[in-house]
Trainee: 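Before we start, here is the structure in question, set down as C-alpha coordinates.
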There are 2 protein chains.
Amino acid sequence: MGPKYSSSRENYLKAIFHLQEIHGTVTTNHVAGELQTRPASVTDMLKKLKAQKLLLYEKYKGFKLNTEGRKVALQIIRKHRLWEFFLVEKLHFRWDEVHEIAEELEHISSKKLIDRLDEFLGFPKTDPHGDPIPDSQGRWTLTHQVDLLNLPVNLVAEVSGIGDQSAEILELLNHKHIALGTRLEVKKKFAFDNSLEIKIRNQSVTISEHVAKNVFVKYDE
Amino acid sequence: MGPKYSSSRENYLKAIFHLQEIHGTVTTNHVAGELQTRPASVTDMLKKLKAQKLLLYEKYKGFKLNTEGRKVALQIIRKHRLWEFFLVEKLHFRWDEVHEIAEELEHISSKKLIDRLDEFLGFPKTDPHGDPIPDSQGRWTLTHQVDLLNLPVNLVAEVSGIGDQSAEILELLNHKHIALGTRLEVKKKFAFDNSLEIKIRNQSVTISEHVAKNVFVKYDE
DNA sequence: TTAATTTTTTAGATTTGTCTAAAATTTATT
DNA sequence: AATAAATTTTAGACAAATCTAAAAAATTAA
Ligand SMILES: [Mn+2]
Ligand SMILES: [Mn+2]
Ligand SMILES: [Mn+2]
Ligand SMILES: [Mn+2]
(Lines give C-alpha, C1' and ligand atoms only; values in the text may rest on other atoms or scores of the structure.)
(Ligands and ions follow the chains in the order given, each with its own letter.)
Protein backbone atom coordinates (compact mmCIF):
# COMPACT_ATOMS: atom_id res chain seq x y z
CA MET A 1 0.00 0.00 0.00
CA GLY A 2 1.12 3.52 -0.76
CA PRO A 3 0.88 6.57 1.47
CA LYS A 4 -2.41 7.09 3.35
CA TYR A 5 -2.58 10.81 2.55
CA SER A 6 -1.10 12.75 -0.37
CA SER A 7 1.95 14.94 0.18
CA SER A 8 -0.26 17.95 -0.33
CA ARG A 9 -2.72 16.91 2.38
CA GLU A 10 0.20 16.18 4.71
CA ASN A 11 1.62 19.65 4.12
CA TYR A 12 -1.74 21.19 4.98
CA LEU A 13 -2.04 19.13 8.17
CA LYS A 14 1.44 20.15 9.27
CA ALA A 15 0.85 23.83 8.52
CA ILE A 16 -2.47 23.85 10.38
CA PHE A 17 -0.86 22.10 13.34
CA HIS A 18 1.87 24.72 13.59
CA LEU A 19 -0.53 27.62 13.19
CA GLN A 20 -2.91 26.36 15.83
CA GLU A 21 0.00 25.96 18.26
CA ILE A 22 0.52 29.72 17.90
CA HIS A 23 -2.99 31.09 17.43
CA GLY A 24 -5.25 28.44 18.92
CA THR A 25 -7.58 28.55 15.95
CA VAL A 26 -6.56 28.90 12.33
CA THR A 27 -7.81 30.98 9.40
CA THR A 28 -7.84 30.46 5.67
CA ASN A 29 -5.45 33.35 5.07
CA HIS A 30 -3.00 32.01 7.65
CA VAL A 31 -2.71 28.73 5.83
CA ALA A 32 -2.54 30.36 2.41
CA GLY A 33 0.33 32.50 3.64
CA GLU A 34 2.17 29.57 5.21
CA LEU A 35 1.84 27.29 2.20
CA GLN A 36 2.26 29.96 -0.48
CA THR A 37 -1.04 29.16 -2.08
CA ARG A 38 -4.38 30.89 -2.66
CA PRO A 39 -7.20 31.19 -0.11
CA ALA A 40 -9.55 29.48 -2.54
CA SER A 41 -7.23 26.46 -2.69
CA VAL A 42 -7.18 26.31 1.10
CA THR A 43 -10.97 26.26 1.27
CA ASP A 44 -11.03 23.41 -1.27
CA MET A 45 -8.61 21.42 0.85
CA LEU A 46 -10.45 22.15 4.11
CA LYS A 47 -13.50 20.42 2.71
CA LYS A 48 -11.46 17.37 1.81
CA LEU A 49 -9.77 17.19 5.20
CA LYS A 50 -13.12 17.55 6.90
CA ALA A 51 -14.59 14.78 4.73
CA GLN A 52 -11.64 12.63 5.80
CA LYS A 53 -12.45 13.41 9.45
CA LEU A 54 -9.14 15.06 10.22
CA LEU A 55 -10.45 18.57 10.76
CA LEU A 56 -13.10 20.47 12.69
CA TYR A 57 -14.43 23.04 10.25
CA GLU A 58 -17.56 25.07 9.65
CA LYS A 59 -17.45 27.61 6.92
CA TYR A 60 -16.63 31.20 7.83
CA LYS A 61 -15.92 30.02 11.40
CA GLY A 62 -12.23 29.08 11.40
CA PHE A 63 -10.98 25.54 11.95
CA LYS A 64 -8.60 23.22 13.77
CA LEU A 65 -7.40 19.65 13.68
CA ASN A 66 -9.27 16.98 15.59
CA THR A 67 -7.51 14.23 17.52
CA GLU A 68 -6.85 12.13 14.43
CA GLY A 69 -5.57 15.11 12.44
CA ARG A 70 -3.21 16.05 15.24
CA LYS A 71 -1.95 12.49 15.39
CA VAL A 72 -1.20 12.44 11.68
CA ALA A 73 0.45 15.88 11.80
CA LEU A 74 2.71 14.80 14.65
CA GLN A 75 3.95 11.80 12.69
CA ILE A 76 4.87 14.03 9.76
CA ILE A 77 6.66 16.43 12.10
CA ARG A 78 8.47 13.44 13.60
CA LYS A 79 9.65 12.37 10.16
CA HIS A 80 10.66 15.89 9.17
CA ARG A 81 12.79 16.40 12.26
CA LEU A 82 14.39 12.96 12.26
CA TRP A 83 15.44 13.43 8.65
CA GLU A 84 16.83 16.87 9.47
CA PHE A 85 18.85 15.33 12.28
CA PHE A 86 20.12 12.65 9.92
CA LEU A 87 21.14 15.20 7.32
CA VAL A 88 23.12 17.28 9.80
CA GLU A 89 24.62 14.53 11.97
CA LYS A 90 25.37 11.87 9.37
CA LEU A 91 25.62 13.71 6.05
CA HIS A 92 27.16 16.91 7.47
CA PHE A 93 24.69 19.39 6.03
CA ARG A 94 24.45 22.81 7.69
CA TRP A 95 21.30 23.58 9.68
CA ASP A 96 20.21 26.14 7.10
CA GLU A 97 20.33 23.60 4.25
CA VAL A 98 18.17 20.81 5.60
CA HIS A 99 14.64 22.15 5.75
CA GLU A 100 13.79 21.93 2.06
CA ILE A 101 15.13 18.40 1.69
CA ALA A 102 13.25 17.26 4.81
CA GLU A 103 10.13 18.84 3.28
CA GLU A 104 10.33 16.04 0.69
CA LEU A 105 11.63 13.22 2.87
CA GLU A 106 8.84 13.69 5.44
CA HIS A 107 6.39 12.22 2.92
CA ILE A 108 8.06 8.81 2.63
CA SER A 109 5.42 6.51 4.01
CA SER A 110 7.17 3.54 5.65
CA LYS A 111 6.66 3.58 9.42
CA LYS A 112 9.26 0.88 9.83
CA LEU A 113 11.77 3.05 8.01
CA ILE A 114 11.29 5.96 10.33
CA ASP A 115 11.46 3.85 13.47
CA ARG A 116 14.68 2.22 12.25
CA LEU A 117 16.08 5.63 11.40
CA ASP A 118 15.20 6.86 14.89
CA GLU A 119 17.09 3.91 16.37
CA PHE A 120 20.06 4.40 14.03
CA LEU A 121 20.29 8.03 15.14
CA GLY A 122 20.18 7.08 18.82
CA PHE A 123 16.64 8.37 19.53
CA PRO A 124 17.48 12.08 19.36
CA LYS A 125 15.22 14.37 21.41
CA THR A 126 15.58 17.54 19.33
CA ASP A 127 16.27 18.43 15.70
CA PRO A 128 19.12 20.68 14.46
CA HIS A 129 17.04 23.79 15.20
CA GLY A 130 16.31 22.73 18.79
CA ASP A 131 12.74 21.65 18.08
CA PRO A 132 11.50 18.55 19.90
CA ILE A 133 11.13 15.27 17.98
CA PRO A 134 7.90 13.41 18.81
CA ASP A 135 8.37 9.71 19.61
CA SER A 136 6.53 7.01 17.66
CA GLN A 137 3.46 7.56 19.85
CA GLY A 138 3.51 11.29 19.09
CA ARG A 139 4.71 12.30 22.54
CA TRP A 140 7.45 14.82 23.12
CA THR A 141 9.19 16.33 26.08
CA LEU A 142 8.72 20.06 26.21
CA THR A 143 11.68 22.09 27.35
CA HIS A 144 11.11 25.36 29.18
CA GLN A 145 13.03 28.02 27.39
CA VAL A 146 13.04 31.83 27.19
CA ASP A 147 13.95 34.11 24.35
CA LEU A 148 17.06 36.27 24.68
CA LEU A 149 15.02 39.41 25.42
CA ASN A 150 13.81 37.77 28.62
CA LEU A 151 17.11 36.33 29.72
CA PRO A 152 18.42 38.19 32.81
CA VAL A 153 21.79 39.86 32.28
CA ASN A 154 25.05 38.26 33.39
CA LEU A 155 23.57 34.80 33.47
CA VAL A 156 25.21 32.04 31.40
CA ALA A 157 22.68 30.25 29.24
CA GLU A 158 22.73 27.76 26.38
CA VAL A 159 21.02 28.23 23.01
CA SER A 160 18.28 25.61 22.77
CA GLY A 161 15.99 26.68 19.95
CA ILE A 162 15.26 29.09 17.12
CA GLY A 163 11.88 30.69 16.41
CA ASP A 164 11.88 31.99 12.86
CA GLN A 165 13.86 29.42 10.89
CA SER A 166 14.27 31.18 7.57
CA ALA A 167 17.55 30.74 5.73
CA GLU A 168 18.12 34.45 6.36
CA ILE A 169 18.22 34.31 10.15
CA LEU A 170 20.15 31.05 10.13
CA GLU A 171 22.76 32.68 7.91
CA LEU A 172 23.04 35.62 10.31
CA LEU A 173 23.41 33.29 13.29
CA ASN A 174 26.02 31.23 11.48
CA HIS A 175 27.97 34.40 10.84
CA LYS A 176 27.87 35.41 14.50
CA HIS A 177 28.76 31.85 15.55
CA ILE A 178 25.49 31.31 17.35
CA ALA A 179 24.36 27.69 17.09
CA LEU A 180 22.42 25.19 19.16
CA GLY A 181 24.38 24.53 22.34
CA THR A 182 26.34 27.77 22.18
CA ARG A 183 26.87 29.17 25.66
CA LEU A 184 26.35 32.89 25.99
CA GLU A 185 25.55 35.71 28.39
CA VAL A 186 23.62 38.95 27.92
CA LYS A 187 25.90 41.80 29.07
CA LYS A 188 23.83 44.86 28.21
CA LYS A 189 20.32 45.77 27.04
CA PHE A 190 19.82 49.05 25.17
CA ALA A 191 16.42 50.54 25.90
CA PHE A 192 16.61 52.71 22.78
CA ASP A 193 16.09 49.93 20.21
CA ASN A 194 16.02 46.86 22.50
CA SER A 195 19.25 45.65 20.95
CA LEU A 196 21.51 43.46 23.07
CA GLU A 197 25.20 43.08 23.65
CA ILE A 198 26.03 39.47 24.40
CA LYS A 199 29.21 37.61 25.21
CA ILE A 200 30.09 34.45 23.29
CA ARG A 201 33.40 32.73 24.07
CA ASN A 202 34.73 36.02 25.42
CA GLN A 203 33.77 37.87 22.24
CA SER A 204 31.26 40.69 22.37
CA VAL A 205 28.47 40.56 19.80
CA THR A 206 25.52 42.87 19.17
CA ILE A 207 22.14 41.59 18.01
CA SER A 208 18.89 43.34 17.20
CA GLU A 209 15.60 42.94 19.04
CA HIS A 210 14.25 41.03 16.07
CA VAL A 211 17.00 38.44 16.30
CA ALA A 212 16.85 38.27 20.11
CA LYS A 213 13.16 37.45 19.99
CA ASN A 214 13.92 34.40 17.88
CA VAL A 215 16.76 32.89 19.88
CA PHE A 216 15.67 30.68 22.76
CA VAL A 217 17.90 29.59 25.60
CA LYS A 218 17.73 27.53 28.74
CA TYR A 219 19.65 28.13 31.95
CA ASP A 220 19.90 26.61 35.42
CA GLU A 221 17.61 27.69 38.28
CA MET B 1 12.86 24.42 -7.16
CA GLY B 2 11.07 21.09 -6.86
CA PRO B 3 11.75 17.93 -8.82
CA LYS B 4 12.34 18.30 -12.56
CA TYR B 5 10.09 15.38 -13.47
CA SER B 6 7.11 13.91 -11.61
CA SER B 7 7.49 10.60 -9.79
CA SER B 8 5.24 9.06 -12.38
CA ARG B 9 7.42 10.21 -15.27
CA GLU B 10 10.51 8.97 -13.42
CA ASN B 11 8.96 5.55 -12.96
CA TYR B 12 8.22 5.34 -16.67
CA LEU B 13 11.78 6.35 -17.58
CA LYS B 14 13.22 3.73 -15.26
CA ALA B 15 10.91 1.00 -16.54
CA ILE B 16 11.68 1.81 -20.17
CA PHE B 17 15.40 1.84 -19.40
CA HIS B 18 15.25 -1.63 -17.86
CA LEU B 19 13.10 -3.05 -20.64
CA GLN B 20 15.34 -1.73 -23.40
CA GLU B 21 18.37 -3.26 -21.67
CA ILE B 22 16.67 -6.63 -22.14
CA HIS B 23 14.79 -6.25 -25.44
CA GLY B 24 16.61 -3.46 -27.27
CA THR B 25 13.36 -1.75 -28.15
CA VAL B 26 10.30 -1.45 -25.96
CA THR B 27 6.58 -1.92 -26.52
CA THR B 28 3.51 -0.39 -24.94
CA ASN B 29 2.42 -3.70 -23.42
CA HIS B 30 5.85 -4.28 -21.92
CA VAL B 31 5.66 -1.03 -20.01
CA ALA B 32 2.04 -1.54 -19.00
CA GLY B 33 2.97 -4.92 -17.56
CA GLU B 34 6.02 -3.59 -15.72
CA LEU B 35 4.21 -0.61 -14.20
CA GLN B 36 0.87 -2.33 -13.56
CA THR B 37 -1.02 0.18 -15.60
CA ARG B 38 -3.06 0.19 -18.81
CA PRO B 39 -1.67 0.36 -22.35
CA ALA B 40 -3.73 3.50 -22.98
CA SER B 41 -2.04 5.21 -20.04
CA VAL B 42 1.35 4.24 -21.41
CA THR B 43 0.57 5.78 -24.79
CA ASP B 44 -0.53 8.99 -23.05
CA MET B 45 2.75 9.14 -21.16
CA LEU B 46 4.86 8.34 -24.23
CA LYS B 47 3.56 11.48 -25.88
CA LYS B 48 4.52 13.55 -22.86
CA LEU B 49 8.00 12.05 -22.63
CA LYS B 50 8.48 12.62 -26.34
CA ALA B 51 7.34 16.23 -26.00
CA GLN B 52 9.91 16.61 -23.22
CA LYS B 53 12.57 15.21 -25.56
CA LEU B 54 13.42 12.21 -23.43
CA LEU B 55 12.13 9.54 -25.79
CA LEU B 56 12.37 8.43 -29.41
CA TYR B 57 8.86 7.41 -30.37
CA GLU B 58 6.71 7.08 -33.45
CA LYS B 59 3.31 5.63 -33.02
CA TYR B 60 2.85 1.90 -33.64
CA LYS B 61 6.63 1.61 -34.11
CA GLY B 62 7.95 0.96 -30.58
CA PHE B 63 10.22 3.35 -28.71
CA LYS B 64 13.36 3.88 -26.67
CA LEU B 65 15.03 6.52 -24.55
CA ASN B 66 17.31 9.07 -26.17
CA THR B 67 20.57 10.20 -24.59
CA GLU B 68 18.88 12.62 -22.21
CA GLY B 69 16.25 10.08 -21.19
CA ARG B 70 18.93 7.50 -20.48
CA LYS B 71 20.83 10.03 -18.40
CA VAL B 72 17.78 10.82 -16.29
CA ALA B 73 16.91 7.13 -15.88
CA LEU B 74 20.43 6.33 -14.69
CA GLN B 75 20.25 8.97 -12.00
CA ILE B 76 17.01 7.49 -10.68
CA ILE B 77 18.54 4.02 -10.71
CA ARG B 78 21.53 5.45 -8.84
CA LYS B 79 19.26 6.87 -6.18
CA HIS B 80 17.22 3.68 -5.91
CA ARG B 81 20.26 1.50 -5.39
CA LEU B 82 22.08 3.83 -3.02
CA TRP B 83 18.99 4.04 -0.82
CA GLU B 84 18.69 0.23 -0.91
CA PHE B 85 22.29 -0.04 0.21
CA PHE B 86 21.64 2.45 3.00
CA LEU B 87 18.58 0.55 4.19
CA VAL B 88 20.44 -2.77 4.37
CA GLU B 89 23.83 -1.59 5.62
CA LYS B 90 22.82 1.13 8.04
CA LEU B 91 19.24 0.37 9.04
CA HIS B 92 19.59 -3.43 8.91
CA PHE B 93 16.68 -4.19 6.63
CA ARG B 94 16.70 -7.54 4.81
CA TRP B 95 17.34 -7.48 1.05
CA ASP B 96 13.76 -8.55 0.36
CA GLU B 97 12.31 -5.57 2.29
CA VAL B 98 14.05 -2.65 0.66
CA HIS B 99 12.72 -2.41 -2.88
CA GLU B 100 9.35 -0.85 -2.11
CA ILE B 101 10.81 1.78 0.19
CA ALA B 102 13.51 2.66 -2.34
CA GLU B 103 10.73 3.00 -4.94
CA GLU B 104 9.65 6.07 -2.95
CA LEU B 105 13.05 7.38 -1.85
CA GLU B 106 14.38 7.38 -5.43
CA HIS B 107 12.14 10.37 -6.19
CA ILE B 108 13.70 12.73 -3.64
CA SER B 109 15.16 15.42 -5.85
CA SER B 110 18.25 16.81 -4.10
CA LYS B 111 21.39 15.93 -6.03
CA LYS B 112 23.52 17.09 -3.15
CA LEU B 113 21.70 14.70 -0.84
CA ILE B 114 22.43 11.71 -2.99
CA ASP B 115 26.09 12.59 -3.48
CA ARG B 116 26.51 13.05 0.28
CA LEU B 117 24.74 9.76 0.89
CA ASP B 118 27.07 8.06 -1.60
CA GLU B 119 30.05 9.43 0.31
CA PHE B 120 28.56 8.47 3.69
CA LEU B 121 28.12 4.91 2.43
CA GLY B 122 31.72 4.73 1.16
CA PHE B 123 30.90 4.87 -2.57
CA PRO B 124 29.49 1.34 -2.84
CA LYS B 125 29.75 -0.32 -6.26
CA THR B 126 26.74 -2.62 -6.03
CA ASP B 127 23.38 -2.67 -4.26
CA PRO B 128 22.12 -5.41 -1.91
CA HIS B 129 20.97 -7.48 -4.90
CA GLY B 130 24.34 -7.29 -6.65
CA ASP B 131 23.25 -4.69 -9.19
CA PRO B 132 25.77 -2.01 -10.11
CA ILE B 133 25.31 1.53 -8.76
CA PRO B 134 25.96 4.23 -11.37
CA ASP B 135 28.29 7.02 -10.22
CA SER B 136 27.20 10.65 -10.29
CA GLN B 137 28.11 10.82 -14.00
CA GLY B 138 25.94 7.79 -14.72
CA ARG B 139 28.87 5.43 -15.31
CA TRP B 140 29.06 1.96 -13.84
CA THR B 141 31.50 -0.91 -13.95
CA LEU B 142 29.98 -4.00 -15.45
CA THR B 143 30.93 -7.29 -13.87
CA HIS B 144 31.06 -10.43 -16.00
CA GLN B 145 28.93 -13.01 -14.34
CA VAL B 146 27.23 -16.30 -15.30
CA ASP B 147 24.06 -17.84 -14.01
CA LEU B 148 24.32 -21.08 -12.02
CA LEU B 149 23.17 -23.21 -14.95
CA ASN B 150 26.30 -22.19 -16.82
CA LEU B 151 28.74 -22.55 -13.96
CA PRO B 152 31.04 -25.56 -14.54
CA VAL B 153 30.81 -28.23 -11.83
CA ASN B 154 33.30 -28.41 -8.99
CA LEU B 155 34.35 -24.82 -9.33
CA VAL B 156 34.08 -22.51 -6.35
CA ALA B 157 32.22 -19.30 -7.21
CA GLU B 158 30.72 -16.36 -5.37
CA VAL B 159 27.13 -15.15 -5.69
CA SER B 160 27.24 -11.70 -7.29
CA GLY B 161 23.72 -10.93 -8.49
CA ILE B 162 20.08 -11.97 -8.68
CA GLY B 163 17.94 -11.83 -11.82
CA ASP B 164 14.30 -11.95 -10.79
CA GLN B 165 14.13 -9.95 -7.56
CA SER B 166 10.60 -10.71 -6.40
CA ALA B 167 10.03 -11.11 -2.69
CA GLU B 168 9.26 -14.78 -3.45
CA ILE B 169 12.65 -15.75 -4.81
CA LEU B 170 14.45 -13.67 -2.20
CA GLU B 171 12.56 -15.50 0.51
CA LEU B 172 13.56 -18.86 -0.97
CA LEU B 173 17.20 -17.79 -1.20
CA ASN B 174 17.13 -16.52 2.37
CA HIS B 175 15.81 -19.89 3.48
CA LYS B 176 18.60 -21.77 1.68
CA HIS B 177 21.19 -19.29 3.02
CA ILE B 178 22.10 -18.02 -0.40
CA ALA B 179 23.03 -14.34 -0.28
CA LEU B 180 25.34 -11.97 -2.11
CA GLY B 181 28.91 -13.06 -1.45
CA THR B 182 27.98 -16.63 -0.56
CA ARG B 183 30.62 -19.04 -1.85
CA LEU B 184 29.29 -22.17 -3.45
CA GLU B 185 30.06 -24.99 -5.86
CA VAL B 186 27.83 -26.93 -8.27
CA LYS B 187 28.30 -30.64 -7.50
CA LYS B 188 25.77 -32.27 -9.82
CA LYS B 189 23.45 -31.35 -12.67
CA PHE B 190 20.37 -33.50 -13.27
CA ALA B 191 19.50 -33.66 -16.95
CA PHE B 192 15.95 -34.77 -16.17
CA ASP B 193 14.70 -31.41 -14.86
CA ASN B 194 17.90 -29.33 -14.97
CA SER B 195 17.90 -29.12 -11.19
CA LEU B 196 21.23 -28.69 -9.45
CA GLU B 197 22.86 -29.96 -6.34
CA ILE B 198 25.16 -27.35 -4.91
CA LYS B 199 27.48 -27.21 -1.93
CA ILE B 200 27.30 -24.26 0.46
CA ARG B 201 29.55 -24.29 3.51
CA ASN B 202 29.78 -28.11 3.26
CA GLN B 203 26.00 -28.43 3.17
CA SER B 204 24.30 -29.95 0.15
CA VAL B 205 21.37 -27.99 -1.27
CA THR B 206 19.10 -28.65 -4.25
CA ILE B 207 17.70 -25.88 -6.41
CA SER B 208 15.42 -25.89 -9.45
CA GLU B 209 16.34 -24.75 -12.94
CA HIS B 210 14.11 -21.69 -12.45
CA VAL B 211 16.09 -20.59 -9.40
CA ALA B 212 19.46 -21.46 -10.97
CA LYS B 213 18.71 -19.23 -13.94
CA ASN B 214 18.28 -16.27 -11.61
CA VAL B 215 21.38 -16.65 -9.48
CA PHE B 216 24.49 -15.09 -10.96
CA VAL B 217 28.03 -15.83 -9.81
CA LYS B 218 31.55 -14.86 -10.63
CA TYR B 219 34.64 -17.02 -10.37
CA ASP B 220 38.36 -16.77 -11.12
CA GLU B 221 39.85 -17.60 -14.53
C1' DT C 1 -26.20 51.28 12.20
C1' DT C 2 -24.97 51.83 7.77
C1' DA C 3 -21.19 51.68 4.63
C1' DA C 4 -16.66 50.29 3.38
C1' DT C 5 -13.23 46.85 3.69
C1' DT C 6 -11.47 42.41 4.37
C1' DT C 7 -11.99 37.55 4.48
C1' DT C 8 -13.88 33.45 2.90
C1' DT C 9 -16.36 30.68 -0.21
C1' DT C 10 -18.24 29.31 -4.71
C1' DA C 11 -18.28 28.77 -9.71
C1' DG C 12 -15.94 27.48 -13.38
C1' DA C 13 -11.22 26.38 -15.66
C1' DT C 14 -6.84 24.08 -16.11
C1' DT C 15 -3.13 20.53 -15.60
C1' DT C 16 -1.56 15.90 -14.66
C1' DG C 17 -2.25 11.24 -14.62
C1' DT C 18 -5.32 7.70 -14.95
C1' DC C 19 -9.24 4.80 -16.85
C1' DT C 20 -12.81 2.29 -20.28
C1' DA C 21 -14.53 1.52 -24.71
C1' DA C 22 -14.02 1.96 -29.43
C1' DA C 23 -11.21 2.63 -33.55
C1' DA C 24 -6.93 2.06 -36.11
C1' DT C 25 -3.03 -0.52 -37.17
C1' DT C 26 0.04 -4.35 -37.14
C1' DT C 27 0.93 -9.27 -36.83
C1' DA C 28 -0.37 -14.04 -37.22
C1' DT C 29 -3.15 -17.73 -39.28
C1' DT C 30 -5.53 -20.04 -42.56
C1' DA D 1 -4.10 -12.76 -49.97
C1' DA D 2 -7.80 -12.59 -47.03
C1' DT D 3 -9.25 -13.06 -42.44
C1' DA D 4 -8.66 -13.38 -37.55
C1' DA D 5 -6.29 -11.96 -33.50
C1' DA D 6 -3.43 -9.05 -30.97
C1' DT D 7 -1.52 -4.58 -30.15
C1' DT D 8 -1.68 0.22 -29.99
C1' DT D 9 -3.86 4.56 -30.22
C1' DT D 10 -7.74 7.79 -29.76
C1' DA D 11 -11.89 9.69 -27.77
C1' DG D 12 -14.02 10.92 -23.95
C1' DA D 13 -14.41 10.73 -18.90
C1' DC D 14 -12.86 11.33 -14.06
C1' DA D 15 -10.26 12.54 -9.68
C1' DA D 16 -6.88 15.50 -7.41
C1' DA D 17 -4.94 19.81 -6.78
C1' DT D 18 -4.58 24.14 -8.20
C1' DC D 19 -6.02 28.82 -10.11
C1' DT D 20 -8.94 33.40 -11.25
C1' DA D 21 -12.94 36.04 -10.86
C1' DA D 22 -17.17 36.78 -8.72
C1' DA D 23 -20.36 36.26 -4.84
C1' DA D 24 -21.30 35.86 0.05
C1' DA D 25 -20.30 36.64 4.76
C1' DA D 26 -17.92 38.74 8.48
C1' DT D 27 -15.38 42.53 10.32
C1' DT D 28 -14.15 47.34 10.83
C1' DA D 29 -14.90 52.21 10.37
C1' DA D 30 -17.58 56.11 9.84
MN1 LIG E 1 6.47 18.60 2.82
MN1 LIG F 1 13.75 21.83 12.10
MN1 LIG G 1 9.48 4.84 -7.88
MN1 LIG H 1 18.20 -3.58 -6.01
Side-chain angles (χ1 to χ4, degrees), chain A residues 1-16 19-20 22-65 69 72 76 103-104 106-107 109, chain B residues 1-16 19-20 22-65 69 72 76 103-104 106-107 109:
Chain A
M1 66 220 112
K4 213 160 173 180
Y5 308 102
S6 72
S7 296
S8 183
R9 277 159 151 81
E10 291 189 344
N11 287 336
Y12 273 93
L13 291 173
K14 194 158 59 92
I16 296 168
L19 290 167
Q20 76 183 30
I22 305 168
H23 303 103
T25 187
V26 188
T27 72
T28 305
N29 270 354
H30 275 156
V31 177
E34 183 88 358
L35 291 183
Q36 310 238 80
T37 185
R38 297 293 173 176
S41 308
V42 175
T43 304
D44 288 344
M45 186 58 86
L46 295 179
K47 290 182 199 161
K48 292 171 193 163
L49 295 176
K50 188 187 178 181
Q52 264 178 117
K53 295 201 203 310
L54 298 167
L55 190 72
L56 303 169
Y57 166 58
E58 288 190 80
K59 53 183 181 171
Y60 294 109
K61 296 265 180 67
F63 45 91
K64 56 177 169 177
L65 301 178
V72 175
I76 302 157
E103 226 19 81
E104 286 185 55
E106 71 189 357
H107 305 293
S109 59
Chain B
M1 65 221 113
K4 212 161 176 182
Y5 308 102
S6 71
S7 296
S8 183
R9 277 158 152 80
E10 292 189 345
N11 287 336
Y12 274 93
L13 291 173
K14 194 159 59 93
I16 295 168
L19 290 168
Q20 75 184 30
I22 305 168
H23 303 102
T25 187
V26 188
T27 72
T28 304
N29 269 354
H30 275 155
V31 177
E34 183 87 358
L35 292 181
Q36 309 240 78
T37 185
R38 296 293 173 177
S41 309
V42 175
T43 303
D44 288 343
M45 186 57 87
L46 294 179
K47 290 182 199 160
K48 293 170 191 160
L49 295 176
K50 188 188 178 181
Q52 265 180 116
K53 297 203 202 310
L54 298 166
L55 191 71
L56 304 170
Y57 166 57
E58 287 189 79
K59 56 181 180 174
Y60 293 109
K61 296 265 179 69
F63 46 90
K64 54 179 171 177
L65 301 178
V72 176
I76 303 157
E103 231 8 89
E104 286 185 56
E106 70 189 358
H107 304 293
S109 59

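Labels below follow one simple rule: chain letters A, B, ... track the order of the sequence lines, proteins then strands, and each chain is numbered from 1. Just so it is clear, the model here is predicted, and its values are computed rather than measured.
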Trainee: Base, sugar-phosphate, or nothing: which does A:F63 touch, judged by heavy atoms less than 4.0 Å apart?
Mentor: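 The answer is nothing, as A:F63 stays clear of every strand by at least 4.0 Å.
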Trainee: Which value, rounded to the nearest 0.5 Å, describes the distance between B:E104 atom CD and A:H107 atom NE2?
Mentor: 11.5 Å
Trainee: A:T25 and A:F63: which non-hydrogen atoms are nearest, and at how many Å?
Mentor: OG1-O, 3.4 Å
Trainee: For the pair B:E34 (side chain) and B:L19 (backbone), establish whether a donor and an acceptor sit closer than 3.5 Å, ignoring hydrogens and angles.
Mentor: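 Judged by distance alone, no pair lies under 3.5 Å.
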Trainee: Atom pairs, N/O to N/O, protein against nucleotides 13-16 of chain C, distance under 3.5 Å?
Mentor:
none

Trainee: How close do B:P39 and B:A32 get, heavy atom to heavy atom, and via which atoms?
Mentor: N-CB, 3.8 Å
Trainee: Between A:K50 and A:E58, does any side-chain N to carboxylate O distance fall below 4.0 Å?
Mentor: no
Trainee: Looking at B:I76, is its backbone amide N or carbonyl O close enough to the side chain of B:E10 to form a donor-acceptor pair, meaning the two atoms are under 3.5 Å apart?
Mentor: no
Trainee: Please report the distance, rounded to the nearest Å, between NE2 in A:H23 and P in C:dT7.
Mentor: 13 Å
Trainee: To the nearest angstrom, how far is B:M45 atom CE from D:dT8 atom P?
Mentor: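 B:M45 atom CE is separated from D:dT8 atom P by 17 Å.
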Trainee: Any base atoms under 4.0 Å from B:Y5, or only sugar-phosphate, or nothing? Heavy atoms, all strands.
Mentor: nothing
Trainee: Would you please confirm or rule out a distance under 4.0 Å between OP1 or OP2 of D:dT7 and any side-chain N or O of B:T28?
Mentor: no
Trainee: Below the 4.0 Å mark, does D:dT18 have OP1 or OP2 next to a side-chain nitrogen or oxygen of A:S8?
Mentor: yes
Trainee: Mind calculating the distance between NE2 (A:H30) and C1' (C:dT6) to the nearest angstrom?
Mentor: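 Rounded to the whole Å, the gap is 14 Å.
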Trainee: Show the nearest heavy-atom pair for residues B:P3 and B:S109, with the distance to one decimal.
Mentor: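 Nearest heavy atoms, B:P3 then B:S109: CA-CB, 3.8 Å.
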Trainee: Specify the residue among A:K61 and B:E58 whose closest nucleotide of DNA chain D lies further upstream toward the 5′ end.
Mentor: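 On the 5' side of the pair lies B:E58.
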Trainee: Identify the pairs formed between an N or O of the protein and an N or O of nucleotides 10-12 of chain D at a distance under 3.5 Å, and give each distance.
Mentor:
residue : atom : partner : partner atom : Å
D:dT10  : OP1  : B:K59   : NZ           : 2.6
D:dT10  : OP2  : B:K47   : NZ           : 2.9

Trainee: Test your reading of the model: is there a side-chain donor-acceptor pair from A:Q20 to the backbone of A:L65, 3.5 Å cut-off?
Mentor: yes
Trainee: Does the side chain of A:R38 get closer than 4.0 angstrom to OP1 or OP2 of D:dT20 through an N or O atom?
Mentor: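 Yes, A:R38 has a side-chain N/O under 4.0 Å of OP1/OP2 on D:dT20.
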Trainee: Taking the minimum atom-to-atom distance to the side chain of A:Y60, which one of C:dT8, C:dT18, D:dT18 wins?
Mentor: C:dT8
Trainee: Look only at the side chain of B:T37 and the backbone of B:G33, and say whether a donor-acceptor pair between them is shorter than 3.5 Å.
Mentor: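 Pair absent, no side-chain N/O of B:T37 close to backbone of B:G33.
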Trainee: Measure from the side chain of B:T37, starting at C-beta and using heavy atoms only, and say which of D:dT18, C:dT18, D:dT8 lies closest.
Mentor: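 Among D:dT18, C:dT18, D:dT8, the one nearest the side chain of B:T37 is C:dT18.
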Trainee: D:dT7 C1' sits how many Å from B:L46 CG, rounded?
Mentor: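 The distance from CG of B:L46 to C1' of D:dT7 comes to 13 Å, rounded to the nearest Å.
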Trainee: OP1 or OP2 of C:dT8 less than 4.0 angstrom from a side-chain nitrogen or oxygen of A:N29, does that happen here?
Mentor: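 Answer yes for this pair, as a side-chain N or O of A:N29 is under 4.0 Å from OP1 or OP2.
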